[in-house]
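What follows is one structure encoded as structure tokens, with my remarks underneath.
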Amino acid sequence: TDREHHRVIVARTDGTFVRTFGGRGAAHGQFNELRGVCVSSAGHIIVADTLNYRVQMFSRDGTFVCAFGSRGAAPGLFEYVADVCVDGADNIVVSDAFNHRIQASSSDGTAV
């Protein structure tokens with residue numbers, strides 16, 4: 001991630017630049033201090049959109065697929081999305097730092 005410029009940089013495994021996507025903002029496909037990124041087994045790019053208090057998912061080419069979460073302390077809400085990863089079942093695991101917890105969701109954002 002390029003946190004300073006609020007974008008994702010896509011590169012090949014050898015480091016060759018492919019493209020960027022994103023930019024500062026709160027609309028779908030925009031970010032505010034993105035922190036973490038991972039790729040699901042289906043090839044979706046999953047981004048921790050930290051100060052928009054959400055997780056966003058994109059296709060391999062950077063097209064917006066879906067987003068889930070907003071600010072709060074209830075299950076499914078986030079106070080500080082510090083990082084994301086996927087588990088062996090392709091659930092999205094979110095580090096919600098300021099709520100001092102880890103939350104897991106299916107690929108559509110439903111809590112598991």
Side-chain angles (χ1 to χ4, degrees):
T1 63
D2 181 357
R3 184 175 59 183
E4 184 176 327
H5 296 103
H6 310 278
R7 64 185 179 175
V8 172
I9 300 170
V10 179
R12 292 186 177 86
T13 56
D14 66 2
T16 305
F17 173 82
V18 176
R19 71 181 154 282
T20 65
F21 64 91
R24 186 180 181 104
H28 291 151
Q30 295 180 322
F31 307 107
N32 189 359
E33 295 255 348
L34 66 164
R35 296 270 172 180
V37 64
C38 65
V39 179
S40 72
S41 65
H44 289 115
I45 300 167
I46 302 162
V47 181
D49 190 3
T50 304
L51 295 182
N52 282 328
Y53 312 100
R54 66 186 177 190
V55 172
Q56 294 195 68
M57 184 185 304
F58 301 87
S59 65
R60 292 175 193 223
D61 67 0
T63 301
F64 175 80
V65 173
C66 68
F68 63 90
S70 60
R71 191 172 193 178
L77 303 180
F78 307 108
E79 194 56 43
Y80 189 91
V81 183
D83 208 352
V84 292
C85 67
V86 292
D87 67 12
D90 250 7
N91 293 312
I92 300 167
V93 181
V94 181
S95 171
D96 184 11
F98 290 177
N99 280 325
H100 311 287
R101 65 186 177 194
I102 301 294
Q103 296 192 70
S105 303
S106 65
S107 61
D108 66 0
T110 304
V112 294

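No experiment lies behind these values; they were computed from the predicted model shown.
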Are [X] and [Y] connected, step by step, through hydrophobic side chains (Ile, Leu, Val, Met, Phe, Trp, Tyr) whose heavy atoms are closer than 4.5 Å?
X: Val37; Y: Phe58; value: yes
X: Phe98; Y: Leu51; value: yes
X: Phe64; Y: Val18; value: yes
X: Val47; Y: Val10; value: yes
X: Phe68; Y: Val86; value: yes

Smallest separation among heavy atoms of [X] and [Y], with atom names:
X: Ala67; Y: Arg54; value: CB-CD, 4.5 Å
X: Ala97; Y: Ala82; value: CB-CB, 4.0 Å
X: Asn52; Y: Asn32; value: ND2-N, 3.4 Å
X: Leu77; Y: Ser70; value: CD2-OG, 3.2 Å
X: Asp96; Y: Tyr80; value: OD1-N, 3.2 Å
X: Asn91; Y: Asp87; value: N-OD1, 2.8 Å

TODO: Please say whether more than 12 non-hydrogen atoms of neighbouring residues, nucleotides or ligands are located less than 6.0 Å from CZ in Arg3.
DONE: no

- [ ] Evaluate whether atom CZ of Arg60 has more than 12 neighbouring non-hydrogen atoms of other residues, nucleotides or ligands under 6.0 angstrom away.
- [x] no

Open item on the list: As an exercise, state the distance from CZ of Arg35 to CG of Asp49, rounded to the nearest 0.5 Å.
Closed with: 11.5 Å

Task: Spatial distance of atom CZ (Arg101) from atom CD (Glu79) [nearest 0.5 Å] - done: 9.0 Å

Counting C-beta onward and ignoring hydrogens, is there a side-chain heavy-atom pair between [X] and [Y] closer than 4.5 Å?
X: Arg24; Y: Gln30; answer: no
X: Phe17; Y: Ile9; answer: yes
X: Ile45; Y: Phe21; answer: yes
X: Met57; Y: Ile46; answer: yes

Open item on the list: Using only atom types and a distance under 3.5 Å, with no angle test, would you say the side chain of Thr50 pairs donor to acceptor with the backbone of Leu34?
Closed with: no

Open item on the list: Check whether Gln103 reaches the backbone of Gly76 with its side chain - one donor and one acceptor, N or O, closer than 3.5 Å.
Closed with: yes

Open item on the list: Just to verify, which of His44, His28, Gln56 counts as forming a side chain to side chain contact (heavy atoms under 4.5 Å, CB included) with Val65?
Closed with: His44

